[in-house]
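See structure below.
Throughout, residue positions are numbered sequentially from 1 according to the sequence presented.
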Amino acid sequence: MEMEFVTWTGLSTYAGALAMVMLIVQFTKGISFIDKLPTQVWGYIVALVVLLLANLFTGQLTIENAVLLLFNAAIVALAANGGYDAVKSVMHADDNINM
């Protein structure tokens with residue numbers, strides 16, 4: 001059985017897009033021109049591009065889907081930012097307990 005980590009079909013799902021957006025945003029935060037943007041805005045841009053490309057390469061991109069991508073990207077970006085903040089707060093809570 002062939003093991004695939006990332007596929008365009010996987011990225012067109014909520015979970016796939018969410019994971020990729022979190023990964024890309026965290027790895028690109030230190031780039032100078034990206035640091036000038038609020039993280040939430042950068043997350044939305046990344047989510048929009050990921051979903052747009054995933055729909056394009058899987059043959060699902062239509063005008064109707066493109067309009068929905070604007071809203072779906074907002075949902076993915078908000079979840080990605082919230083998920084990262086939740087993990088970060090749990091990690092810092094553990095640091096405070098161990099002190």
Could you tell me if the side chain of V25 sits less than 4.5 Å from the side chain of I34, heavy atoms only?
no

Which Ile, Leu, Val, Met, Phe, Trp or Tyr residues join L78 in one cluster when any pair of side-chain heavy atoms under 4.5 Å counts as a link?
none

Mind checking what makes side chain to side chain contact (heavy atoms under 4.5 Å, CB included) contact with L23, not counting sequence neighbours?
M20, F27

What one should report as the nearest heavy-atom pair of A17 and L51 is CB-CD2, 3.7 Å

Rounded to the nearest 0.5 Å, the CG atom of N72 sits from the OG atom of S12 at a distance of 11.0 Å

Kindly give the cluster partners of V67, where membership spreads through any ILVMFWY side chain lying under 4.5 Å from a current member.
F71

Closest contact, heavy atoms only, V21 versus A80
CG1-CB, 3.8 Å

Heavy-atom pair with the smallest gap, counting every atom of V76 and A47
CG1-CB, 4.0 Å

Just grab all the side chain to side chain donor-acceptor pair (under 3.5 Å) pairs involving residues 35-56, residues at least two apart or on different chains.
T28-W42

Residues that T9 engages under side-chain hydrogen bond (donor to acceptor under 3.5 Å, both in side chains), provided they are two or more places apart
none

F57 meets the ring pair (Phe, Tyr, Trp, His ring centres under 6.0 Å) criterion, sequence neighbours left out, with W8

Where do L11 and L53 land on the side-chain contact (heavy atoms from CB on, under 4.5 Å) test, with the steps shown first?
CA-CA 9 Å; L11 289 177; L53 290 175; over 6 Å; no

Under 3.5 Å, side chain of N65 to main-chain N/O of L61, donor-acceptor pair present?
no

Shared ILVMFWY cluster between L52 and L68, side chains joined below 4.5 angstrom?
no

Nearest-0.5 Å distance, CG of residue L37 to CD1 of residue I31:
11.5 Å

State which residues pass side-chain hydrogen bond (donor to acceptor under 3.5 Å, both in side chains) with T62; sequence neighbours excluded, sorted by chain then number.
E64

